[in-house]
Amino acid sequence: MLMMLLISAALEKVLQYLLYQDRVMLIACQRLKGKILRIELVELDIPIILVFGDLQVDVLNSWDDIADCTVRVRFTRLSPVREYQRLMQLIKQGDLDVDGDLQLVQQLVALLDMIEFDAAELLAPWMGDVAAEYITRMIMRQVTAIQRRVRIGQELLTWGIIDEWRLVPSTFELAGFCREVDEVDQAEERQASRLKKLEAS
């Protein structure tokens, strides 16, 4: 729970900085005023609820009223959601489940698509330009390395499944094998019967 509170507080700060500091973005954000967006990540038990106000966005983990829109998504699919062009594609593929006002999601994604995000600029007031740039580059390198490992893991898993699938006998092969087993059983019964006759004589 404490971790979720920290994540929510950090997300609130980031969204506040990205959406409400610039005058142009501030005007664009007025369309979201009074709206409530509930985000349910498949990997988390606790939802993330965005409550849009006049000059701010509140990030909460519980909300008693019904949200204008509820989005269910996997954490790994969050990055493509930021791209407005891919939003409808993700919904059609079933990677993004939207219940409620789809226009709210479209407006938020369009706003996020407009943002020129620079993490170093966000961190600079607290740690200085050089340190912020260095930390940002280190984090991006780590994220890229993790993404590469995940991609390689997915490819290995895919090829492993394909290879195993090739080893699985087809219906005809299985039927042929069963027929051969039956023939061996019948041959064994015939041999046993002959053996009994020979012993009897």
Inset, instruction - Compare all side-chain heavy atoms of D99 with those of R72 and state whether any distance is below 4.5 angstrom. - result: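 The answer is yes, as the side chains (C-beta and beyond) meet within the 4.5 Å cut-off.
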
Legend entry - Within-4.5 Å side-chain heavy-atom neighbours: L50 and L32: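 Sidechains of L32 and L50: no contact.
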
To the nearest 0.5 Å, how far apart are [atom1] in [X] and [atom2] in [Y]?
X    : Y    : atom1 : atom2 : result
I139 : Q142 : CD1   : CD    : 9.0 Å
R151 : L156 : CZ    : CG    : 11.5 Å
I66  : D64  : CD1   : CG    : 11.0 Å

Legend entry - Donor-acceptor under 3.5 Å (D58 side chain, F52 main chain):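 No; judged by distance alone, with no hydrogens or angles, the pair does not exist.
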
Inset, instruction - Under the side-chain contact (heavy atoms from CB on, under 4.5 Å) rule, collect the residues that match up with E43, sequence neighbours excluded. - result: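 Only L41, R74, F75 meet the side-chain contact (heavy atoms from CB on, under 4.5 Å) criterion with E43.
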
Legend entry - Which residues share a side-chain contact (heavy atoms from CB on, under 4.5 Å) with Q103, sequence neighbours left out: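 side-chain contact (heavy atoms from CB on, under 4.5 Å) list for Q103, sorted by chain: D101, Q106, Q107.
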
Inset, instruction - Treating Ile, Leu, Val, Met, Phe, Trp and Tyr as nodes and any side-chain heavy-atom pair under 4.5 angstrom as an edge, say whether I48 and V42 lie in one connected cluster. - result: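 Different clusters.
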
Legend entry - Same apolar cluster (I L V M F W Y, side chains within < 4.5 Å links), L102/L96: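 Yes, L102 and L96 fall within the same hydrophobic cluster.
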
Legend entry - Listed once per pair and sorted, the side-chain hydrogen bond (donor to acceptor under 3.5 Å, both in side chains) pairs that draw on residues 27-36, sequence neighbours left out: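 Only K33-D54 qualify under side-chain hydrogen bond (donor to acceptor under 3.5 Å, both in side chains).
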
Legend entry - Qualifying side-chain hydrogen bond (donor to acceptor under 3.5 Å, both in side chains) pairs with a residue from residues 181-194, counting only residues at least two apart or across chains: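 Non-adjacent pairs meeting side-chain hydrogen bond (donor to acceptor under 3.5 Å, both in side chains): zero.
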
Legend entry - Nearest heavy atoms of G34 and D68, plus distance in Å: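 The answer is O-OD2, 3.9 Å.
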
Legend entry - Minimum-distance pair of heavy atoms, taken over all atoms of P47 and N61: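 Taking P47 first and N61 second, the nearest heavy atoms are O-ND2, 3.3 Å.
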
Inset, instruction - Could you identify which residues cluster with W63, counting Ile, Leu, Val, Met, Phe, Trp and Tyr as linked when any side-chain heavy atoms lie under 4.5 Å apart, either directly or through a chain of such contacts? - result: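 Once heavy-atom contacts under 4.5 Å are chained together, W63 belongs with I36, I49, V51, L60.
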
Legend entry - Hydrophobic cluster of L174, others only, ordered by chain and residue number, side-chain cut-off 4.5 Å: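 None; L174 is a cluster of one.
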
Inset, instruction - Return yes when atom CD1 of I162 has more than 12 non-hydrogen atoms of other residues, nucleotides or ligands closer than 6.0 Å, and no otherwise. - result: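 More than 12 within 6.0 Å, yes.
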
Inset, instruction - Identify which one of L37, L15, L11 satisfies the side-chain contact (heavy atoms from CB on, under 4.5 Å) criterion when paired with V57. - result: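 Of the listed residues L37, L15, L11, the side-chain contact (heavy atoms from CB on, under 4.5 Å) partner of V57 is L15.
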
